[in-house]
Number of protein chains: 2
Amino acid sequence: MSRTDRILASAEQHCREQGVRMTPQRRQVMMLLLTQSGPQSAYQLLDQFKTQYQSNAQPPTIYRALDFLVQQGLAHRLSSTNQYLACDHITCHHGHQGTVFLLCDDCGAVQETPMAGSAISELQQSINSLGFVTQQNPLLEVHGRCANCNVH
Amino acid sequence: MSRTDRILASAEQHCREQGVRMTPQRRQVMMLLLTQSGPQSAYQLLDQFKTQYQSNAQPPTIYRALDFLVQQGLAHRLSSTNQYLACDHITCHHGHQGTVFLLCDDCGAVQETPMAGSAISELQQSINSLGFVTQQNPLLEVHGRCANCNVH
DNA sequence: CCATTAAATGTTATGTTATAACATAACTTA
DNA sequence: TAAGTTATGTTATAACATAACATTTAATGG
């Protein structure tokens with residue numbers, strides 16, 4: 001079983017548990033995300049979708065699938081770059097309470113890394129102390145240069 | 001001296017120290033941000049700019065001023081909502097090492113609050129340990145409901 | 001003070017990202 | 001199998017942002 005197959009299987013499992021439907025179209029978009037090396041814009045994904053699956057697809061097709069995947073935590077949206085990528089932690093089962101994305105401005109690579117538990121609880125505490133209520137898990141997007149690009 | 005005047009004076013001081021120019025146009029856009037109750041989109045600001053200052057202004061005028069103000073740390077861009085607001089901590093002098101924005105999805109209000117120092121250093125540490133180098137101060141955008149909206 | 005350069009602004013056009021709105025089809029459930 | 005719900009197809013357009021080049025204004029050095 002390949003890496004993508006394993007992740008897809010986990011994603012399907014997740015959907016069954018949540019009582020939501022992993023339709024063919026959603027799976028196809030998930031597949032596109034999984035086979036990419038890095039984050040993609042919605043229109044890049046649309047182009048690939050048209051090539052690989054359905055030549056006359058329109059933007060709402062992609063945006064709807066992406067919205068679904070993001071809601072389910074199977075993909076993430078990087079709002080600072082308007083890009084989308086598959087969640088890198090679908091198969092592992094540590095909670096997704098806080099995530100940091102390290103975005104290399106040089107090569108475009110993204111590294112997804114869990115936020116330290118203590119940092120999360122400090123954040124939660126300062127948020128709660130202001131009476132603010134959030135469902136969402138915080139996503140932090142940090143721009144800079146990755147280890148590899150720093151060498152060169 | 002009014003609140004906005006005080007902030008504008010601090011902003012000008014900041015620009016002098018940095019050797020950059022607070023031109024009339026930039027000051028006007030800063031003024032617009034300061035007189036708003038909440039974050040605004042670039043096109044909302046453009047409309048206000050046209051009404052108050054220059055009826056034939058075009059998008060680049062606003063985007064250039066906003067880019068400048070954001071670069072100087074005098075304003076922030078909320079990438080999750082494509083909105084802009086004046087920095088709430090121009091006159092105080094604690095460093096802006098990390099900022100959390102609490103965005104109320106109900107009433108649209110935004111609260112800007114400094115990130116706890118220990119949370120910042122934990123983040124920095126996990127970022128550094130991956131060989132990632134960043135100049136930028138992390139901005140975290142957290143969506144939810146504000147204290148006021150939770151009451152109602 | 002004037003020439004040169006650099007920085008900012010004016011202006012036109014267009015690129016990119018995202019969604020509204022409504023029609024149709026496919027699933028779900030009783 | 002009818003009724004309700006969820007998903008998809010399709011057209012059009014809204015919202016956000018920048019490229020490119022002309023012009024003006026400010027800064028700098030002789």
Side-chain angles (χ1 to χ4, degrees), chain A residues 11-12 15-16 18-33 39-50 52-72 74-85 105 108 141 143, chain B residues 11-12 15-33 39-50 52-72 74-85 103 105 108 141 143:
Chain A
E12 309 232 15
C15 288
R16 272 191 297 277
Q18 298 298 312
V20 296
R21 288 156 60 193
M22 177 63 95
T23 63
Q25 217 167 57
R26 290 165 175 174
R27 184 170 21 249
Q28 286 163 352
V29 173
M30 186 72 200
M31 202 60 188
L32 287 178
L33 289 174
Q40 305 281 313
S41 78
Y43 277 76
Q44 286 176 321
L45 292 165
L46 177 56
D47 284 345
Q48 296 161 17
F49 189 85
K50 290 204 280 196
Q52 297 193 30
Y53 298 115
Q54 193 183 333
S55 62
N56 61 337
Q58 299 299 321
T61 296
I62 295 300
Y63 280 104
R64 284 164 178 160
L66 289 172
D67 287 348
F68 171 84
L69 296 171
V70 169
Q71 270 195 347
Q72 295 304 317
L74 301 171
H76 300 293
R77 173 169 194 267
L78 302 175
S79 66
S80 68
T81 59
N82 299 315
Q83 289 177 311
Y84 301 83
L85 38 43
D105 294 326
E141 302 176 27
H143 285 262
Chain B
E12 308 232 16
C15 288
R16 272 190 297 277
E17 287 167 10
Q18 298 298 311
V20 297
R21 287 158 59 195
M22 177 63 94
T23 63
Q25 216 168 58
R26 290 167 175 172
R27 185 172 18 250
Q28 286 163 353
V29 172
M30 186 72 200
M31 202 62 188
L32 287 178
L33 290 174
Q40 306 281 312
S41 78
Y43 276 75
Q44 286 175 321
L45 291 165
L46 176 56
D47 284 345
Q48 295 161 18
F49 189 86
K50 291 204 278 196
Q52 297 194 30
Y53 299 114
Q54 192 182 334
S55 62
N56 60 337
Q58 299 299 321
T61 296
I62 294 300
Y63 279 104
R64 284 164 178 161
L66 288 172
D67 286 348
F68 171 85
L69 295 171
V70 169
Q71 270 195 348
Q72 294 305 316
L74 301 172
H76 300 294
R77 173 167 193 268
L78 302 175
S79 66
S80 68
T81 58
N82 299 316
Q83 290 177 310
Y84 300 82
L85 37 43
L103 313 176
D105 294 326
E141 302 177 27
H143 285 261

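Numbers restart at 1 for each chain; the letters A, B, ... are given by sequence-line order, proteins then strands. Everything quoted here is computed from the prediction, not taken from an experiment.
- For A:Gln72, the side-chain hydrogen bond (donor to acceptor under 3.5 Å, both in side chains) partners are A:His14, not counting sequence neighbours.
- Side-chain atoms of B:Gln44 and B:Gln83 include no donor-acceptor pair closer than 3.5 Å.
- Looking at residues two or more places apart in sequence or on another chain, you find a side-chain contact (heavy atoms from CB on, under 4.5 Å) between A:Gln52 and A:Leu32.
- Taking 3.5 Å as the limit, the base of D:dA17 and the side chain of B:Tyr43 contain a donor-acceptor pair of atoms between them.
- A rotation axis mapping the C1' atoms of four pairs onto the next four is fitted at both ends of the helix from C:dC1-D:dG30 to C:dA30-D:dT1 over five pairs, and the angle between these axes is 40° to 10 degrees.
- For B:Arg26, there are no side-chain hydrogen bond (donor to acceptor under 3.5 Å, both in side chains) partners, not counting sequence neighbours.
- Residues forming a side-chain contact (heavy atoms from CB on, under 4.5 Å) with B:Glu12 (at least two apart in sequence, or on another chain): B:Arg16, B:Met22, B:Arg27.
- Of the residues in residues 60-69 of chain B, those lying under 4.0 Å from DNA chain D by heavy-atom distance are B:Pro60, B:Tyr63, B:Arg64.
- Under the side-chain hydrogen bond (donor to acceptor under 3.5 Å, both in side chains) criterion, B:Arg64 pairs with no residue, sequence neighbours left out.
- In this structure, the side-chain contact (heavy atoms from CB on, under 4.5 Å) partners of A:Gln25, at least two apart in sequence or on a different chain, are A:Thr23, A:Gln28, A:Phe49, A:Gln54, A:Thr61.
- Taking B:Gln58 as the reference, B:Pro60 meet the side-chain contact (heavy atoms from CB on, under 4.5 Å) condition, with sequence neighbours excluded.
- Taking A:Tyr43 as the reference, nothing meets the ring-ring contact (aromatic ring centres under 6.0 Å, His included) condition, with sequence neighbours excluded.
- Among residues two or more places apart in sequence or in another chain, the side-chain hydrogen bond (donor to acceptor under 3.5 Å, both in side chains) test is passed with A:Ser80 by A:Glu141, A:His143.
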Interface polar pairs with nucleotides 23-28 of chain D, N/O, under 3.5 angstrom:
none

